[in-house]
There are 2 protein chains.
Amino acid sequence: MEKKSKIILPCDEKCPVRASLTLLSGKWTLLILFQINKKVMRYGELKRAIPGISEKMLIQELNMLVENKLVNKKAYPEIPPKVEYTLTELGLKTLPIADKLAEFGSENLI
Amino acid sequence: MEKKSKIILPCDEKCPVRASLTLLSGKWTLLILFQINKKVMRYGELKRAIPGISEKMLIQELNMLVENKLVNKKAYPEIPPKVEYTLTELGLKTLPIADKLAEFGSENLI
DNA sequence: TAAAGTACCTACTAAATGGTTATAATAATT
DNA sequence: AATTATTATAACCATTTAGTAGGTACTTTA
């Protein structure tokens with residue numbers, strides 16, 4: 001009698017999907033990256049581009065993304081203040097993920 | 001004097017990225033779909049495949065995925081119980097998203 | 001004189017997520 | 001005879017995440 005034991009390789013902390021999700025799995029994260037995209041976006045523009053997000057979440061996520069080097073922040077010492085956000089090289093590399101989300105959404109959900 | 005007004009198209013409830021994220025943005029969701037992949041996975045196998053997830057979250061997410069028709073559930077009326085999970089056609093269509101997450105993770109995070 | 005716009009920050013509340021323990025029923029293993 | 005394995009559900013509390021409301025400091029517009 002043979003033992004049929006299925007080999008399961010557990011996805012631990014080195015699993016690439018898990019690592020990506022640790023960084024990107026928030027409710028708003030990928031949407032913000034997608035909205036910035038290849039553009040230069042100011043804080044207020046992003047706020048208007050993403051109706052429904054609270055100012056707190058937007059600034060919190062932007063700060064997180066800057067910390068994790070997905071987004072560049074350029075502040076001008078002017079009054080009224082002017083701050084521009086762009087994607088870093090690393091941030092640009094998340095766009096294919098957002099593109100797949102967009103593809104799945106438009107083909108199956110909308 | 002010209003007015004430079006940048007046109008911003010707000011991403012509302014019909015934005016495909018948003019619609020996808022509403023369904024998939026959880027911390028574990030895409031990881032579970034990725035683990036099931038093209039296989040037939042039992043509850044216990046998934047539990048071992050995703051170390052760190054609590055039983056509660058796993059069953060909660062599986063129920064949600066079944067409800068949203070991304071996952072099929074086949075329960076055998078046996079004792080001890082045996083339940084098999086597979087991806088539906090719709091669920092299979094989320095795999096490209098997980099693949100991009102895996103790609104991003106292995107190239108930039110690991 | 002008042003309101004609107006700019007990019008935030010802080011305190012508080014609400015919701016989502018996570019963890020633990022207990023329960024079920026029965027076959028196979030120790 | 002007791003333990004382990006199986007797939008859940010339910011109750012409870014702790015923690016994390018998200019949302020709400022208000023304020024700051026200054027300028028321009030009405």
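All of these numbers come straight from a predicted model, not from anything done at the bench. Here is how names work: the chains are called A, B, and so on, in the same order as the sequence lines, proteins then strands, and each is numbered from 1.
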* What nucleic acid atoms does B/K47 come within less than 4.0 Å of, heavy atoms only: base, sugar-phosphate, or nothing? -> nothing
* Atom-to-atom span, CG of A/L46 to C1' of C/dC8 - whole angstrom -> 14 Å
* Which nucleotide in the list C/dA7, C/dG18, D/dA8 gets nearest to the side chain of A/V83? -> C/dA7
* Structure fact -> With the side chain defined as heavy atoms from C-beta on, A/K27 is closest, among D/dT7, D/dG19, C/dG18, to D/dG19
* Asked: Expressed in angstrom and rounded to an integer, what is the separation of B/L23 atom CG from C/dA16 atom P?
  -> 15 Å
* Once you round it to whole Å, what is the distance between C1' of C/dT26 and CD of B/E78? -> 12 Å
* Given D/dT6, C/dC8, D/dG19, the nucleotide with the shortest approach to the side chain of A/M57 -> D/dG19
* C/dT6 phosphate, OP1 or OP2, under 4.0 Å from A/R42 side-chain N/O -> no
* Could you check A/P81 against A/K56 and say which one's nearest nucleotide on DNA chain C is further toward the 5' end? => A/P81
* For the side chain of A/E55, counting heavy atoms from C-beta on, which of D/dT6, D/dT9, C/dC9 is nearest? -> C/dC9
* Rounded to the nearest Å, what distance is computed from the CG atom of residue A/N63 to the P atom of nucleotide C/dC8? -> 8 Å
* Asked: Are B/Y43 and B/E84 linked by a side-chain donor-acceptor pair shorter than 3.5 Å?
  -> no
* Asked: Can you find a side chain N or O atom of B/W28 that sits less than 4.0 Å from OP1 or OP2 on C/dT17?
  -> no
* Specify the separation, in whole Å, of atom NZ of B/K73 and atom C1' of D/dT7. => 8 Å
* Asked: Distance check: side-chain N/O of B/R48 vs OP1/OP2 of D/dT7, anything under 4.0 Å?
  -> no
* Rounded distance [0.5 Å steps], CG in B/L101 versus CD1 in B/I97 -> 8.0 Å
* Thinking salt bridges, do B/K47 and B/E55 make one under a 4.0 Å N-O criterion? -> yes
* **Rounded interatomic separation in angstrom, taking CE from A/M41 and C1' from C/dA7** => 15 Å
* To do: Just call it for B/S54: base, sugar-phosphate, or nothing, with non-hydrogen atoms closer than 4.0 Å on any strand.
  => sugar-phosphate
* Taking CD1 from A/I59 and P from C/dA7, how many angstroms apart are they, rounded to a whole number? -> 9 Å
* Proximity to the side chain of A/Y85 - top-ranked nucleotide from C/dT10, C/dC8, D/dT7 -> C/dC8
* Salt-bridged, A/R42 to A/E45, with N to O below 4.0 Å? -> no
* Asked: Rounded to whole angstrom units, what separation is found between the CG atom of A/L58 and the P atom of D/dA18?
  -> 13 Å
* Between B/K39 and B/Q35, is there a donor-acceptor pair closer than 3.5 Å when you use the side chain of the first and the backbone of the second? -> yes
